[in-house]
Protein chains: 2
Amino acid sequence: MLMASPQLMTHSAKIFKALGHPSRLAMVHALCEGEKCVCELQELVGSDMSTVSKHLAVLREAKVVSDEKRGMQVYYSLRMHCVSTFIDCVENALKEEAS
Amino acid sequence: MLMASPQLMTHSAKIFKALGHPSRLAMVHALCEGEKCVCELQELVGSDMSTVSKHLAVLREAKVVSDEKRGMQVYYSLRMHCVSTFIDCVENALKEEAS
DNA sequence: TGGCTGTTTGGCAAAATAGCCAAGCAGTGG
DNA sequence: CCACTGCTTGGCTATTTTGCCAAACAGCCA
């Protein structure tokens with residue numbers, strides 16, 4: 001049996017966990033199109049700004065996204081690009097199942 | 001901005017969430033090679049049998065794995081095959097980062 | 001029947017997560 | 001300097017998740 005290092009599992013799991021919340025996933029989904037500022041993401045998910053900020057912190061820590069401050073706004077962009085492939089894949093699997 | 005349905009996000013997030021635990025991810029990782037019975041998976045993660053069973057229930061509910069009882073044992077196998085691609089992708093991203 | 005093995009379920013306490021409000025903080029402009 | 005905007009952080013409570021033990025349960029064999 002292929003034995004994977006526990007560290008790798010823990011680290012990978014952190015990434016999946018970060019994607020495992022509807023708001024965070026929706027934000028990442030949106031970021032697949034290109035960078036967005038926090039206010040745009042807030043509008044997307046409709047939660048309190050502080051909540052959105054904390055969600056983004058989770059994604060940042062998992063290194064799924066990166067942030068850059070320009071002027072008064074902070075822009076987030078997708079850092080782990082293959083996430084986009086994951087999302088498509090899961091969505092396709094769900095659509096197939098639904099049919 | 002591409003607008004995704006909240007239902008789809010919630011459903012997809014559930015799948016990512018299911019993968020977002022080191023033990024569950026390790027089990028799914030192992031199942032990429034082929035079906036395994038619960039006792040093999042227990043040995044892999046080293047937790048209490050009941051804990052393993054509950055983790056498997058989470059994966060089952062998310063439809064990431066399927067179960068089949070044969071004789072006295074229950075065999076689990078990967079149902080959402082693209083998960084295997086995800087894991088490779090994340091692992092590669094992590095390895096690149098480490099280097 | 002009764003006892004065994006492999007697995008699931010119930011129940012609980014500890015830990016982690018979510019989301020709101022309020023406060024803080026950096027950059028901008030009057 | 002002051003006030004304002006955009007965002008983050010602290011603090012709190014409610015909810016969810018985790019993981020153990022004990023109990024239940026199904027299939028097999030004596």
Side-chain angles (χ1 to χ4, degrees), chain A residues 1 6 9-31 34-79, chain B residues 1 6 9-28 30-31 35-79:
Chain A
M1 174 147 56
M9 285 300 116
T10 304
H11 205 153
S12 309
K14 201 171 171 184
I15 293 166
F16 287 111
K17 198 170 176 179
L19 295 169
H21 185 287
S23 299
R24 288 197 295 262
L25 190 56
M27 291 194 286
V28 169
H29 194 268
L31 291 177
E35 67 168 22
K36 305 234 180 297
C37 70
V38 180
C39 52
E40 287 176 292
L41 295 169
Q42 186 205 357
E43 204 179 349
L44 177 74
V45 304
S47 308
D48 194 271
M49 176 70 103
S50 68
T51 300
V52 171
S53 185
K54 279 179 183 171
H55 278 313
L56 287 168
V58 171
L59 291 168
R60 220 186 316 121
E61 270 202 42
K63 303 196 176 175
V64 173
V65 301
S66 57
D67 62 326
E68 190 191 350
K69 187 158 193 167
R70 285 207 302 278
M72 276 199 306
Q73 289 166 320
V74 178
Y75 289 88
Y76 278 84
S77 48
L78 198 57
R79 179 170 174 185
Chain B
M1 175 146 58
M9 286 298 117
T10 304
H11 204 155
S12 309
K14 201 171 172 183
I15 292 165
F16 287 111
K17 197 170 177 178
L19 296 168
H21 186 286
S23 299
R24 288 196 295 263
L25 190 56
M27 292 194 285
V28 169
L31 292 177
E35 67 168 23
K36 307 233 178 299
C37 71
V38 180
C39 53
E40 287 175 291
L41 295 169
Q42 187 205 356
E43 204 179 349
L44 177 74
V45 304
S47 308
D48 193 272
M49 177 67 106
S50 67
T51 301
V52 171
S53 185
K54 279 179 184 172
H55 277 313
L56 287 168
V58 172
L59 291 168
R60 219 186 317 120
E61 270 202 39
K63 304 197 175 173
V64 172
V65 302
S66 57
D67 62 325
E68 190 191 350
K69 187 158 196 168
R70 285 205 303 277
M72 275 200 306
Q73 289 166 320
V74 178
Y75 290 88
Y76 278 84
S77 47
L78 197 56
R79 178 169 173 186

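Naming: A, B, ... by sequence-line order, numbering from 1 per chain.
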Polar side-chain atom of Glu40(B) near backbone of Cys37(B) as donor-acceptor pair, under 3.5 Å = yes
inquiry  = Working to the nearest 0.5 angstrom, can you tell me the gap between Met27(A) CE and Ser47(A) OG?
reply    = 8.0 Å
request  = Could you pull out the closest heavy-atom pair between Leu41(A) and Ala30(A), with the gap in Å?
outcome  = CD2-CB, 4.5 Å
ask   = Rounding to a whole Å, what distance do you find between Lys14(A):NZ and dA16(C):C1'?
value = 13 Å
query = How close or far is atom P of dT17(C) from atom CZ of Phe16(A), stated in whole angstroms?
reply = 17 Å
query = Counting any heavy atom closer than 4.0 Å, what does Tyr75(A) reach on the DNA or RNA strands: base, sugar-phosphate only, or nothing?
reply = nothing
ask   = When the distance from CE of Met49(A) to C1' of dT8(D) is rounded to whole Å, what number comes out?
value = 10 Å
inquiry  = Output the rounded distance in Å from CG (Asp67(A)) to P (dG6(D)).
reply    = 18 Å
Leu56(A) CG to dT8(D) P, straight-line distance once rounded to whole Å = 7 Å
ask   = Taking OP1 and OP2 of dT8(D), is either one under 4.0 Å from a side-chain nitrogen or oxygen of Tyr76(A)?
value = yes
ask   = Atom CD of Glu43(B) and atom C1' of dT7(C): how far apart are they, to the nearest Å?
value = 16 Å
remark   = Between CG of Leu59(A) and C1' of dC7(D) the distance, given in whole Å, is 16 Å
note = Glu68(A) and Arg70(A) have their tightest heavy-atom pair at OE1-NH1, 3.2 Å
Give every donor-acceptor pair under 3.5 Å between a side-chain atom in residues 51-66 of chain B and any protein atom, sequence neighbours left out.
| from | atom 1 | to | atom 2 | distance (Å) |
| --- | --- | --- | --- | --- |
| His55(B) | ND1 | Arg24(B) | NH1 | 3.1 |
| Arg60(B) | NE | Tyr76(B) | OH | 3.2 |
| Arg60(B) | NH2 | Tyr76(B) | OH | 3.2 |
| Ser66(B) | OG | Ser77(B) | OG | 3.4 |

Nearest-angstrom distance from the residue atom CD of Glu68(A) to C1' of dA26(C) = 16 Å
query = Under 3.5 Å, is there a donor-acceptor pair between the side chain of Gln73(A) and the main chain of Val38(A)?
reply = no
ask   = Heavy-atom distance under 4.5 Å between the side chains of Phe16(B) and Leu25(A), does that happen here?
value = yes
note = Dot-bracket assigned to DNA chain D with the 3.5 Å Watson-Crick/G-U criterion, [ ] for crossing and | for other-strand pairs, is ||||||||||||||||||||||||||||||
request  = Indicate for each nucleotide in nucleotides 18-30 of chain D, in 5' to 3' sequence, whether protein heavy atoms under 4.0 Å reach the base (B), only the sugar-phosphate (S), or nothing (-).
outcome  = SBBBB----BS--
